[in-house]
Amino acid sequence: MGDDCRKAVKFALQNGYRMIDTAAFYENEADVGQGIKDSGVKREDVFVVTKLLNDDHGYDECLKAFNTSLKKLDTGYIDLFLIHSPTPGGNVDSYKAMLKLKEQGVLRSAGVSNFGVHHLKEMEKAGLPTPAVNQIELNPYWRLDDIVNYCSEKGIVPMGLTVHCSVARKMMIQY
């Protein structure tokens with residue numbers, strides 16, 4: 001965190017990266033925001049993703065948490081805000097708050113992270129618009145075809161993350 005984070009973000013943006021992914025859980029949003037400013041890259045050319053902390057589920061809690069993240073990032077708006085992980089009873093209200101933030105113009109897209117098919121169906125049953133994105137761990141050894149297929153059918157973009165190299169090596173040895 002701190003200076004290393006700011007330098008890493010600045011370096012990445014100055015060398016062609018255009019998406020920065022962070023989360024309240026990572027406790028580095030202020031440093032990420034400063035790194036974006038330090039890079040000299042125009043804000044509108046950077047796609048900023050951050051995520052809702054699991055303890056902040058619920059309508060009012062989500063609104064407050066978003067505003068805290070936005071203040072720390074100091075980017076004027078957030079491109080993609082994700083529910084970091086599903087929680088029992090909190091997903092629908094949190095997502096409704098995210099839709100309100102979109103209406104207000106401070107959030108461009110609302111999505112989810114680590115959601116299974118049953119979590120996505122819960123949101124559909126509540127009559128909510130489909131999330132723009134479901135960010136999930138995805139790699140050749142962890143395919144999650146059921147989730148990817150469901151997302152594709154519903155127009156949800158599966159945003160894949162890979163696991164840490166040592167974990168991937170361990171997985172390769174096991175299979």
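A quick note: this is a predicted structure, and the numbers were derived from the prediction, not measured.
- Of the possible donor and acceptor atoms, one in the side chain of Ser39 sits under 3.5 Å from a partner among the backbone N and O of Ile36.
- Taken from OG in Ser85 to CD in Gln135, the straight-line distance is 10.0 Å, to the nearest 0.5 Å.
- Between Leu52 and Ala65, the shortest heavy-atom distance links the atoms CD1-CB, 3.6 Å.
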Q.
For a side chain to side chain contact (heavy atoms under 4.5 Å, CB included) check, start with the C-alpha distance between Asp60 and Lys64, then their side-chain angles and the critical distance, and finish with the verdict.
A. CA-CA 6 Å; Asp60 292 331; Lys64 182 178 177 186; over 6 Å; no

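- Evaluated for a side-chain contact (heavy atoms from CB on, under 4.5 Å) with Met98, the options Pro131, Ser109, Cys62 yield exactly one hit, Cys62.
- Side chains of Val32 and Cys5 form a contact here, defined as non-hydrogen atoms less than 4.5 Å apart.
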Q: Give the intermediate values and the outcome of side chain to side chain contact (heavy atoms under 4.5 Å, CB included) for residues Asp56 and Phe66.
A: CA-CA 9 Å; Asp56 292 330; Phe66 176 88; over 6 Å; no

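- When atom types are taken as modelled, the side chain of Asp45 and the backbone of Val41 share no donor-acceptor pair closer than 3.5 angstrom.
- Atom-to-atom distance recorded for Lys37:NZ and Arg6:CZ is 12.0 Å, nearest 0.5 angstrom.
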Q | Arg18 and Leu13: CA distance, side-chain angles, deciding distance, side chain to side chain contact (heavy atoms under 4.5 Å, CB included) verdict | A | CA-CA 6 Å; Arg18 290 297 178 259; Leu13 292 173; 4.2 Å; yes

Q | side chain to side chain contact (heavy atoms under 4.5 Å, CB included) assessment of Lys96 paired with Val92 | A | CA-CA 6 Å; Lys96 286 179 180 178; Val92 169; 3.7 Å; yes

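- The distance from the OG1 atom of Thr130 to the CD1 atom of Ile156 is 5.0 Å, given to the nearest 0.5 Å.
- Interatomic distance, Phe47 CZ to Ile78 CD1, rounded to the nearest 0.5 Å: 11.0 Å.
- Residues Ser69 and Ala24 approach most closely at OG-CB, 4.3 Å, considering heavy atoms.
- In this structure, the side chains of Lys72 and Thr68 come closer than 4.5 Å at one or more pairs of heavy atoms.
- When atom types are taken as modelled, the side chain of Arg143 and the backbone of Leu138 share no donor-acceptor pair closer than 3.5 angstrom.
- At a cut-off of 3.5 Å, with distance as the only test, a side-chain donor of Gln34 or Asp38 sits close to an acceptor on the other residue.
- Taken to the nearest 0.5 Å, the OG1 atom of Thr50 stands 8.0 Å off from the CG atom of Asn28.
- Looking at Asp31 and Val9, their side chains never come closer than 4.5 Å, going by heavy atoms from C-beta outward.
- Under a 4.0 Å N-O distance rule, the pair Asp79/Arg43 qualifies as a salt bridge.
- Within a 6.0 Å radius of NZ in Lys100, other residues, nucleotides and ligands contribute 12 heavy atoms or fewer.
- When atom types are taken as modelled, the side chain of Asn15 and the backbone of Phe11 share a donor-acceptor pair closer than 3.5 angstrom.
- Taking CZ of Phe115 as the reference point, atom CE of Met123 lies at 5.5 Å (rounded to 0.5 Å).
- The heavy-atom pair separating Leu80 from Gly111 by the smallest distance is CD1-N, 4.0 Å.
- The residue from Leu82, Ile136, Ile83 that alone fulfils the side-chain contact (heavy atoms from CB on, under 4.5 Å) condition with Ser113 is Leu82.
- The pair Glu29-Lys71 does not count as a salt bridge, with every side-chain nitrogen at least 4.0 angstrom from each carboxylate oxygen.
- Electrostatic pairing of Asp3 and Lys7 counts as a salt bridge here, judged by a charged N lying under 4.0 Å from a carboxylate O.
- Under the 4.0 Å criterion applied to side-chain N and carboxylate O atoms, Asp21 and Lys51 are assigned as salt-bridge partners.
- Using a 4.5 Å cut-off on side-chain heavy atoms (C-beta onward), Phe81 and Arg108 make no contact.
- Taking hydrophobic clusters as Ile, Leu, Val, Met, Phe, Trp and Tyr residues chained together by side-chain heavy-atom distances below 4.5 Å, Met159 does not share a cluster with Tyr17.
- Donor-acceptor pairing under 3.5 Å is lacking for the side chains of Glu137 and Asn114.
- Residues Tyr77 and Val49 do not share a hydrophobic cluster, clusters being chains of Ile/Leu/Val/Met/Phe/Trp/Tyr side chains in contact below 4.5 Å.
- Side-chain contact of Thr87 with Asn54: a donor-acceptor pair under 3.5 Å is absent, judged by distance alone.
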